[in-house]
Amino acid sequence: MDLTPIWLTLKLAVITTLLLFIIGVPVAWWLSKGRSFFKIVLEAIITMPLVLPPSVLGFYLLMAFNPQRGIGAWLQHTFNIQFVFSFQGLVLASVIYSMPFMIGPVKSALQQLPASLSQASWSLGKSQWQTFTHVLLPNIKPSLLTAIVLTFAHTLGEFGVVLMIGGNIPGVTRVASIAVYDSVEQMDYGSANTYSLILFSITFVLVVAVFVFNKYHLKSPLE
Amino acid sequence: MIRVAIETKLKAYSGQQALRVVREFEAGSIIKIFGPSGSGKTTLLKIIAGFVQPEKGSIVVDGITWLDTHSKISMPPQKRKTGFVFQDYALFPNMTVHEHMTYAASDEAWIGRLLKIGKLETFVAHKPEYLSGGQQQRLAILRALAIKPKLLLMDEPFSALDPKMRSELISDLKLLFTELGTTVLIVSHYPQELEGLTEHELNIH
């Protein structure tokens, strides 16, 4: 039984979650402040992966990063980076695909904090950044945890997008969800069952952990 | 000397209402602001602190322009550094009483003195959720005073205190205001609770 797809999936989920935490939390903060037309459009674009078929997103990414033309060719020739059929392509697709799961809960939690919390901090002479790190972020811990776990769990379960941009290269882009599909195609139900059980267990434990943590903080993870 | 001349529209249930204040406040004076609900008392304090922008007007404090809509000058709240006591206290749920004070100031002797005045010395390790309403309100006042503000804006600051506690706190605060030379603007629905503290008043209709 080859466990490489499981390790590859976990590696992809960790890197994606880390990148989305670094990118997504400041973006969520920025989106939570005021509402301009530009912000509304950007938020709609960020939310698209929630409603778009994953294969559609994967198809557009495949077209955009085709090494034969456009941006894909430029990246290939200038930086020797290829996103199609490579692990970095999976990371890029996962970051885009899971972005609403990181940004949504964090933005919503920040908007629910009373404006007077930030104002009190500013009146003490604290900068926007100090207010964000010392006052706002510590008071949305349950939502931060929810966002991290949802992003991680969602990345574990990706199929359509990763198949389109990454294909099915063993050890490179063959993640667990693709390995399940591949095993079934080859009538190897034993391996499919093992991969599925491992994915189910990891996801179940994570989601239960979030519910338990948020119950302790008297808040539903869906809030 | 603080010169305030502002005009803005307030959103009200019955439509829009105008808030117009033109007034000078002497440095070191204590002024009570009163008026009916929805007349713009809290908005006035937030405009002075820099949280809300009026449609037009100017605010000049000790010769420094904080706001001038004509010249598009608006000093950020961080630079105005007005002490602000919020009606909802706006305490930080993640911080203990002591952390609230050290977030605002680093002078431990000053913090200790304030905590004694607010009778919170024995609650330094408590977070706001474990304090009574009166203790929370006192912490909000002490936090605002921790920065030794030249201008203190208080929105219903004594509403949760019993008469004895309020009277003791007011007499201690009066001494502190004189010592710091702080100008104080206090919004209250019950002007009689400020007896003995304020000498001037501003009625907003």
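Just so we're clear, the structure is a prediction, and the values are computed from it rather than from any experiment. Convention: sequence-line order gives letters A, B, ...; per-chain numbering from 1.
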Validation row: B:Ile147, A:Ser123 side chains within 4.5 angstrom (heavy atoms): no
Using non-hydrogen atoms and a 4.5 Å limit, figure out which bit of B:Leu91 sits close to chain A: side chain, backbone, both or neither. backbone
Neighbour count >12 (heavy atoms, 6.0 Å) for atom CE, A:Met48: no
I would like to know whether A:Lys126 and B:Tyr103 meet side chain to side chain contact (heavy atoms under 4.5 Å, CB included); could you show each step before the answer? CA-CA 9 Å; A:Lys126 304 299 176 186; B:Tyr103 183 62; 3.3 Å; yes
Taking everything shown except A:Phe59 itself, do over 12 heavy atoms lie less than 6.0 Å from its CZ? no
Atom pair CG (A:Leu136) and CZ (B:Phe92), whose distance is rounded to the nearest 0.5 Å: 9.0 Å
Taking CZ in B:Arg20 as the centre, count heavy atoms belonging to other residues, nucleotides or ligands within less than 6.0 Å. Is the count above 12? no
Roughly how far apart are B:Gln78 CD and A:Leu124 CG, rounded to 0.5 Å? 10.0 Å
Is any side-chain heavy atom of A:Gln119 less than 4.5 Å from a side-chain heavy atom of B:Phe86? yes
Tell me if the OH atom of A:Tyr60 is crowded by more than 12 foreign heavy atoms within 6.0 Å. no
Within a radius of less than 6.0 Å around NZ of B:Lys79, do more than 12 heavy atoms belonging to other residues, nucleotides or ligands occur? no
Answer yes or no: does atom CZ of B:Phe177 have more than 12 heavy-atom neighbours from other residues, nucleotides or ligands under 6.0 Å? yes
In terms of heavy-atom pairs under 4.5 Å with chain B, which of A:Ser121, A:Ser118, A:Ser116 leads? A:Ser116
Heavy atoms under 4.5 Å from chain A: which residues of residues 39-56 of chain B carry them? B:Lys46, B:Phe51
Is atom NZ of B:Lys9 surrounded by more than 12 heavy atoms (other residues, nucleotides or ligands) closer than 6.0 Å? no
Does CH2 in A:Trp7 sit with more than 12 non-hydrogen atoms of other residues, nucleotides or ligands closer than 6.0 Å? no
With a 4.5 angstrom heavy-atom cut-off, could you sort out which part of A:Ser127 is near chain B: side chain, backbone, both or neither? backbone
A:Asn139 side chain vs B:Asn94 backbone, donor-acceptor pair below 3.5 Å: yes
